[in-house]
Number of protein chains: 2
Amino acid sequence: MPKQRILPHIILGIIATSEAEVTGKQITDYVQREIGEYWQVAHSQVYPELKRMTEDGWIVCHPVPNNEKEKQYGITELGLEMLENWLSEPNHELPLQKDIFTLKLFFIKDKDDQRIPKLIHAQIDLLNKHLEHLEQRKNNLFASPEDMLNRYGHYLILTRAIARNRDQIKWLKQTLKMK
Amino acid sequence: MPKQRILPHIILGIIATSEAEVTGKQITDYVQREIGEYWQVAHSQVYPELKRMTEDGWIVCHPVPNNEKEKQYGITELGLEMLENWLSEPNHELPLQKDIFTLKLFFIKDKDDQRIPKLIHAQIDLLNKHLEHLEQRKNNLFASPEDMLNRYGHYLILTRAIARNRDQIKWLKQTLKMK
DNA sequence: TTGGGCATGTAAGATGTTACATGATTAT
DNA sequence: ATAATCATGTAACATCTTACATGCCCAA
C-alpha cells in the first residue's frame, strides 16, 4: 500500500471549509498561520500540487475576474469524496517531531554543564514568541462562544496547542531551577 | 548561511557518548529506540552519512575483528570539536511536528460528528502502545539514582516524553467525554 | 508611467522513503 | 550443507527547501 499523501488532503480540507473559492497564496498562508503547529508547507509545494489536483479532477480552477494574475480553486464532487474518506479513516501513525533543542539536551551528559541554561533560555524565548501568536489567533477567531461550535476542530487543536506550549515553558523553567 | 545538517551531529553524539566504537546498525537502532520521539532516521540514510563523515575526517572506520561484514566507527578530534560547537550553539527553530491525527480533527467542523470518537480511540491506542515502550526504556535505563546523574540529558527528555504522552492521552479521554 | 511589491511559478539541490541487492553469519 | 537471518549498501522515487524568474497590480 503506497503511503498516503497528506498535502492534497490538507488543500481539500481548506477549500471545502472556506466560504468562497480560494487562491494558492491564501492556501499557503492559511496552512502556515492556522496549522503550522501540525504541518509545514512552502508555497513552492502548493502550486504544483494545485495543478496536479486539478488534472486529477479533485478541484477546479477559475480565473479571478478582473485579475490576470490570480486563480481561484473550488472543490469537486470527487474531491469532496476523497476528503470525506480521508477524514473517516483513523490513522495509524504517531505524530512525528523534529526537535533540535531536545536533541542537544539529550547529548549533554553532565547535569551541571554550563551550556544547559543557555540552551533552555533560548528555547523559552522562542516558545514565548510562538505562544503569543497562538493566543492572538485564539482571541481573533474565537471571540464569541458560537465560534467555538462552528469550528470545533479548530478550537480544539488551538486550545490544545496553547496548553502544550505553556506546559513546555513551565517545564523548561522548572528544569532551570533544578540546577 | 546554509542550513545545519542534523544527522551527522546526531551520529557524532552517539559515537562520542558510547563506551566503545559502534556500527552503522547500532547507530540506526539507537536513534530509533532512544530518540525516535525527537528525530527519525532510516538505515539507508545512515550508511551514506557514515561514508561522508569518514571522508570529511569527522569519524574513523575500523573493520570488526573476525567479522568481514561489520565496521566500527570512532570519533576524531575534529569530530569532537564539531559536536561540542553544535551543542554549545542554542538553536533558533521551534520543534516541528507532523501530526495527521490532529489535522483530521482540525478539519471536522461539527462538534457531534460521528467520526471524532473513532479517530480519538485509535489515537489513544497508538499512544498507549508508545507510552509502554517509553516506560520500559525508563525502567531499563534508570533503575538506580546514579544512572540519572550519569545520563542527565537522556533522563530529562525521557521523563518529559512520558509526561507529554500521558498528558495527551488524558486530554483525548477528556475530549471524548465532552460529547 | 514607472517602480516596487506581490502572486504565481520553476529549477536545482538536499533530504527522506521504500524497495531491492549482496554477501556474511548463524541456525538447523 | 543448506536455509534463514542479518548488516551493509544501492537505487529509484518522493518530498522538501531555497533561490530565482516572471509578469501583473497598485501607488507615487
Side-chain angles (χ1 to χ4, degrees), chain A residues 1-11 14 21-33 35-36 38-56 59 61-73 92-100 103, chain B residues 1-11 14 21-33 35-36 38-56 59 61-73 92-100 103:
Chain A
M1 185 175 65
K3 201 173 163 185
Q4 278 261 44
R5 288 178 41 62
I6 308 304
L7 179 56
H9 294 94
I10 292 175
I11 292 176
I14 292 173
E21 300 204 332
V22 291
T23 67
K25 171 67 170 168
Q26 286 173 318
I27 291 170
T28 307
D29 290 350
Y30 189 87
V31 174
Q32 291 172 358
R33 190 178 348 104
I35 53 182
Y38 302 102
W39 200 266
Q40 300 79 42
V41 81
H43 78 264
S44 60
Q45 290 172 267
V46 172
Y47 292 112
E49 191 63 50
L50 287 170
K51 191 176 166 191
R52 175 175 171 167
M53 291 169 73
T54 306
E55 286 164 3
D56 292 351
I59 56 178
C61 176
H62 299 127
V64 175
N66 307 323
N67 189 324
E68 290 293 309
K69 184 169 58 173
E70 300 175 57
K71 298 178 196 168
Q72 287 177 329
Y73 294 88
H92 303 288
E93 287 158 46
L94 287 168
L96 296 182
Q97 246 187 106
K98 302 255 172 152
D99 182 347
I100 298 170
L103 288 179
Chain B
M1 186 174 66
K3 200 173 164 185
Q4 278 260 42
R5 287 177 43 57
I6 308 305
L7 179 55
H9 295 94
I10 292 175
I11 292 176
I14 292 173
E21 299 203 334
V22 291
T23 67
K25 171 66 170 169
Q26 285 173 318
I27 290 170
T28 307
D29 289 350
Y30 189 87
V31 175
Q32 292 174 356
R33 190 178 349 104
I35 54 182
Y38 302 101
W39 202 266
Q40 300 80 41
V41 80
H43 77 264
S44 60
Q45 289 172 268
V46 172
Y47 292 111
E49 191 64 50
L50 287 169
K51 191 177 167 191
R52 175 175 172 167
M53 292 169 72
T54 306
E55 285 163 4
D56 293 350
I59 55 177
C61 176
H62 299 126
V64 175
N66 305 325
N67 189 322
E68 292 292 309
K69 182 170 57 171
E70 299 176 59
K71 299 177 195 170
Q72 287 176 329
Y73 294 88
H92 303 286
E93 287 158 47
L94 287 168
L96 297 182
Q97 246 187 105
K98 302 256 171 149
D99 182 346
I100 298 169
L103 288 179

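Within every chain, numbering begins at 1; the chains are lettered A, B, ... in the order of the sequence lines, protein sequences first and strands thereafter.
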Which residues pass the salt bridge (charged side-chain N to carboxylate O under 4.0 Å, His left out) test with B:Lys25, sequence neighbours left out?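 Per chain and number, B:Lys25 pairs via salt bridge (charged side-chain N to carboxylate O under 4.0 Å, His left out) with B:Asp29.
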Going by salt bridge (charged side-chain N to carboxylate O under 4.0 Å, His left out), name the residues that satisfy it together with A:Glu49, two or more places apart in sequence or in a different chain.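 Counting only residues at least two positions away or on another chain, A:Glu49 forms a salt bridge (charged side-chain N to carboxylate O under 4.0 Å, His left out) with A:Arg5.
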Between [atom2] on [N] and [atom1] on [X], what's the gap in Å once rounded to a whole number?
X	N	atom1	atom2	result
B:His62	D:dA7	NE2	C1'	19 Å
A:Gln40	D:dT18	CD	P	12 Å
A:Gln72	C:dA7	CD	C1'	13 Å
B:Lys25	D:dA7	NZ	C1'	7 Å
A:Gln32	D:dT17	CD	C1'	13 Å
A:Gln45	C:dA12	CD	C1'	15 Å
B:Lys3	D:dA19	NZ	C1'	14 Å
A:Gln26	C:dC6	CD	P	15 Å

Set out, line by line, the N/O atom pairs under 3.5 Å between protein and nucleotides 9-11 of chain C.
{"unit_1": "C:dG9", "atom_1": "OP1", "unit_2": "A:Lys71", "atom_2": "NZ", "d": "2.3"}
{"unit_1": "C:dG9", "atom_1": "O6", "unit_2": "A:His43", "atom_2": "NE2", "d": "2.9"}

Distance-only donor-acceptor pairs under 3.5 Å for side chains of residues 92-100 of chain B, two or more places apart:
{"unit_1": "B:His92", "atom_1": "NE2", "unit_2": "B:Pro90", "atom_2": "O", "d": "3.4"}
{"unit_1": "B:Asp99", "atom_1": "OD1", "unit_2": "B:Phe101", "atom_2": "N", "d": "3.2"}
{"unit_1": "B:Asp99", "atom_1": "OD1", "unit_2": "B:Thr102", "atom_2": "N", "d": "3.1"}
{"unit_1": "B:Asp99", "atom_1": "OD1", "unit_2": "B:Thr102", "atom_2": "OG1", "d": "3.3"}
{"unit_1": "B:Asp99", "atom_1": "OD2", "unit_2": "B:Thr102", "atom_2": "OG1", "d": "2.6"}

Is the backbone N or O of A:Val22 less than 3.5 Å from a side-chain atom of A:Gln26, with the two atoms forming a donor-acceptor pair by type?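 Checking the backbone N and O of A:Val22 against the side chain of A:Gln26, no donor-acceptor pair under 3.5 Å is found.
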Output yes when at least one side-chain N/O atom of B:Lys98 is less than 4.0 Å from OP1 or OP2 of D:dC16, else no.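 Checking D:dC16 against B:Lys98, a side-chain N or O does come within under 4.0 Å of OP1 or OP2.
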Below the 4.0 Å mark, does D:dA14 have OP1 or OP2 next to a side-chain nitrogen or oxygen of A:Arg5?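 So the side-chain polar atoms of A:Arg5 never come under 4.0 Å of the phosphate oxygens OP1 or OP2 of D:dA14.
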What pairs with B:Glu70 under side chain to side chain donor-acceptor pair (under 3.5 Å), at least two apart in sequence or on another chain?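 Here the qualifying residues are B:Asn67.
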Name of the residue among B:Glu21, B:Gln72, B:Lys71 meeting side chain to side chain contact (heavy atoms under 4.5 Å, CB included) with B:Val64: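 Answer to the side chain to side chain contact (heavy atoms under 4.5 Å, CB included) test with B:Val64 among B:Glu21, B:Gln72, B:Lys71: B:Gln72.
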Report the C-alpha separation of A:Gln32 and A:Gln40 in whole Å, then their side-chain angles, then the decisive distance to 0.1 Å, and conclude whether the side-chain contact (heavy atoms from CB on, under 4.5 Å) test is met. CA-CA 7 Å; A:Gln32 291 172 358; A:Gln40 300 79 42; over 6 Å; no
Walk me through whether B:Ile59 and B:Leu50 qualify under side-chain contact (heavy atoms from CB on, under 4.5 Å). CA-CA 8 Å; B:Ile59 55 177; B:Leu50 287 169; 3.7 Å; yes
If you define the side chain from C-beta out and look only at heavy atoms, does anything of B:Ile11 sit under 4.5 Å from B:Val31?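 The answer is no, as the side chains (C-beta and beyond) never meet within the 4.5 Å cut-off.
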5' to 3', nucleotides 22-28 of chain D under a 4.0 Å protein heavy-atom cut-off (B base, S sugar-phosphate only, - none) gives -BBS---
